[in-house]
*Asks:* 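Handing you a structure now.
Both ligands and their constituent atoms are indexed starting at 1 by order of listing. Remember, predicted model here, so these are calculated numbers, not experimental data.
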Amino acid sequence: MFDAPSALSRNNSWQGEFKSRRKNLEPYWGQLSISKVFNDQRELTHYIGIYEDITQAKLAQQRIERLAYTDNLTNLGNRPAFIRALDDRFCRDGEAPIALMLVDIDNFKRINDSLGHQTGDKLLISLARRLRNSLSASGTLARFASNEFAVLLDATDPEAAQQTAMQVLKTLDKPMFVDSQLINVTASVGLACAPLHGHDPQTLMKNAGLALHKAKANGKHQVQVFTETLHAEANYKLFVENNLRRALTQNELEVFYQPKICLRSGRLLGMEALLRWNHPERGMIRPDQFISVAEETGLIIPIGKWVIRQACRMSKCLSTAGLGDLSVAINLSPKQFSDPDLVASVRTIMEEEQLPAHLLELELTEGLLLEATEDTRQLLSQLKGLGLSLAMDDFGTGYSSLSYLKKFPIDVLKIDRSFISEIPSNPDDMEITSAVIAMAHNLKLKVVAEGIETAEQLTFLRRHRCDVGQGYLFDKPIPSTELISALARYPRGPEHT
Ligand code: C2E
Ligand code: MG
Ligand code: MG
């Protein structure tokens, strides 16, 4: 409106909008067009003004904006609103310090599944309110995804931002009363601060996301500040994701075998199949550097079947080579239990490779048993029904409950290497190891000790009647091409354990 006179001094017309208030203080908007009128001598004689009330159109536009930028459950800003606020902040304040916090409610799906979506929604509303109250007025808060909130803190250095993030965690920790139920929730927070962790909105957002991912991967319920190593980890993960599929088809995967020895007689009983990835440029990659990505991408299912086939074939091949009946133990990831074909494929592979079932052992993780559903229980019984045996791997690293071993058809317990490695220097580990062996024997389980590296450890385990041993003292995992000659040096003969 105010630029009309100067515009009209240069041009023959002007058009503009203005906002004002009526007497009753209601806002209204108008659109005004002004045109100059000239006579035949080209002298300015009149101005013609056309006024239009555009209040309704403006109010409708505001409503649409509000809908587009508001999360209608919590009434907070939504993701586009947050991104707009972040962009504005960078445009306006450049390199001024700000902090971006992504707050993710842990295990929200479980809450939703068990208590229902309505209760889940109410919980989110309460959480949003708590978050709002815990932040200073200067913070921008938005609902970023279903159970994720984003917070933008102004003029905050990394230390202060971390303090605020810890405070947010504490606030969310307190139990909530929703639909007459007391619900305990926890959250994970990823934090990135500008300009230290990013000079533009996209980088800051990506880095806060990486930090959040790390907080979740590290066990949730914690604040993780972005660090450069997270970048390296994310890049490595991307490399694995992009290359692992090809690894299976291009024969880059290999199975190594580590002998398992009867501790009473010193005889060779069998071996454990351990996966390796022989990458053309990076060389031999160990499983803990790619199994988790294989699990996340679902590739563990075809890879796992491939390992079972290779291992069954190897056991058969060793028997044909005159090394006798040697059992083979294969590690199964919990993710493989989501494959409806698991039992059928194990059966088919054993049949096709002509491996007697009693020579096959499947190693399970504690996590699988801990979170076992009725389906898992049935799958374990069906696997057991094929005639093979089931082992509990890495015992002692998780919840170590002997009681759930009774509930599942487990035959073998493998004591984790971390206990064996501290024998004889750590009396606690010696106590635990001997107690676990005795209790496992009471439950009629066979006990395997992993990671035996010294003669003293071997003596201790023999004294406590541990059944089977495995470790560098006997052999490291052996490539398949060297296996027959490596195993030939072990005493053979009938077994009595
Ligand atoms: P695990 O099943 O507990 O296997 C034992 C690990 O300890 C192996 O590491 C083995 O090389 C190592 N080890 C054995 N004896 C000694 C010793 O005396 N000293 C030391 N320092 N280490 C010893 P590896 O081969 O790197 O495998 C790591 C883990 O990866 C395995 O732990 C298993 O959980 C997983 N894994 C291996 N192969 C497969 C597979 O085919 N499928 C799945 N899902 N997981 C696998
Ligand atoms: Mg194992
Ligand atoms: Mg183990």
*Asks:* Regarding atom 19 (N) of ligand 1: of the candidates Gln289, Glu453, Glu272, which has the closest heavy atom?
*Replies:*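 Among Gln289, Glu453, Glu272, the closest heavy atom to atom 19 (N) of ligand 1 comes from Glu453.
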*Asks:* May I ask whether Gln470 places a heavy atom under 4.0 Å from ligand 1?
*Replies:*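 Per 4.0 Å heavy-atom rule, Gln470 does not contact ligand 1.
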*Asks:* At a non-hydrogen distance cut-off of under 4.0 Å, which region of Leu274 contacts ligand 1 (side chain, backbone, both, or neither)?
*Replies:*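 Both the backbone and the side chain of Leu274 come within reach of ligand 1.
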*Asks:* Taking the side chain as everything from C-beta on, heavy atoms only, tell me whether Asn207 gets closer than 4.5 Å to Leu100.
*Replies:* no
*Asks:* State whether Lys220 and Asp106 are salt-bridged, where the test is any N-O pair (Lys NZ or Arg NE/NH1/NH2 against Asp/Glu carboxylate O) under 4.0 Å.
*Replies:*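 Looking at Lys220 and Asp106, the cut-off is not met.
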*Asks:* For ligand 1, which atoms, with element, lie under 4.0 Å from some heavy atom of Ser333?
*Replies:*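 The atoms of ligand 1 under 4.0 Å from a heavy atom of Ser333 are 44 (N).
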*Asks:* Return the closest protein heavy atom for atom 46 (C) of ligand 1 as residue, atom name and distance.
*Replies:* Asn331 CB, 3.6 Å
*Asks:* When you measure from the Mg ion (ligand 3) to each N, O or S atom of Asp394, which atom gives the shortest distance?
*Replies:* OD1
*Asks:* What's the atom name of the N, O or S in Asp393 nearest to the Mg ion (ligand 2)?
*Replies:* OD2
*Asks:* I'd like to know whether the aromatic ring centres of His279 and Phe290 sit less than 6.0 Å apart in this structure.
*Replies:* no
*Asks:* Answer with side chain, backbone, both or neither: which part of Val307 has a heavy atom less than 4.0 angstrom from an atom of ligand 1?
*Replies:* side chain
*Asks:* Restricting to N, O or S atoms, which atom of Glu450 is closest to the Mg ion (ligand 3)?
*Replies:* OE2
*Asks:* Have a look at the Mg ion (ligand 2) and estimate, to 10 degrees, the angle subtended by OE2 (Glu272) and OE1 (Glu363).
*Replies:* 90°
*Asks:* Under 3.5 Å, is there a donor-acceptor pair linking the side chains of Thr348 and Ser345?
*Replies:* no
*Asks:* Output yes when the distance from some N or O of ligand 1 to some N or O of Leu275 is under 3.5 Å, and no in every other case.
*Replies:*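 Checking ligand 1 against Leu275, an N or O pair does fall under 3.5 Å apart.
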*Asks:* Tell me which protein heavy atom sits closest to atom 21 (N) of ligand 1, plus the residue, atom name and distance to 0.1 Å.
*Replies:*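 Looking at atom 21 (N) of ligand 1, the protein heavy atom closest to it is Arg417 NH1, 3.1 Å.
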*Asks:* Could you work out, for atom 15 (N) of ligand 1, the closest of Gln258, Lys335, Glu450 by heavy-atom distance?
*Replies:*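 The residue whose heavy atom sits nearest atom 15 (N) of ligand 1 is Gln258.
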*Asks:* If you count the atoms of ligand 1 from 1 in the order shown, which ones are under 4.0 Å from a heavy atom of Gly471?
*Replies:* 15 (N), 18 (O)
*Asks:* Between Arg417 and Glu453, does a salt bridge (charged side-chain N to carboxylate O under 4.0 Å, His left out) hold up when you go through it step by step?
*Replies:* CA-CA 10 Å; Arg417 173 156 58 90; Glu453 292 187 357; 5.4 Å; no
*Asks:* Salt bridge or not for Arg313 and Glu353, using N-O below 4.0 Å?
*Replies:*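 Looking at Arg313 and Glu353, the cut-off is met.
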*Asks:* Non-hydrogen atoms of Lys414 versus ligand 1: any pair closer than 4.0 Å?
*Replies:*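 The answer is no: ligand 1 sits nowhere under 4.0 Å from a heavy atom of Lys414.
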*Asks:* Could you pull out the closest heavy-atom pair between Glu361 and Val412, with the gap in Å?
*Replies:*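 Heavy atoms of Glu361 and Val412 come nearest at OE1-CG2, 3.7 Å.
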*Asks:* Counting non-hydrogen protein atoms only, what is the nearest one to atom 32 (O) of ligand 1? Give residue, atom name and distance.
*Replies:*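 Nearest neighbour among protein heavy atoms for atom 32 (O) of ligand 1, to 0.1 Å: Asp393 OD2, 4.6 Å.
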*Asks:* Check Arg276 against ligand 1 and report side chain, backbone, both or neither, counting heavy atoms closer than 4.0 Å.
*Replies:*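 It is the side chain that touches ligand 1; the backbone stays farther off.
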*Asks:* Going by the atom numbers of ligand 1, which of them fall below 4.0 Å from some non-hydrogen atom of Pro477?
*Replies:*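 Counting from 1, the qualifying ligand atoms are 11 (O).
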*Asks:* So, 4.0 Å and heavy atoms of Gly304: is ligand 1 close enough to count as a contact?
*Replies:* no
*Asks:* Measure the distance from atom 24 (P) of ligand 1 to every protein heavy atom, then report the residue, atom name and distance (to 0.1 Å) of the closest one.
*Replies:*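 Checking every protein heavy atom, the shortest distance to atom 24 (P) of ligand 1 gives Arg286 NH2, 3.5 Å.
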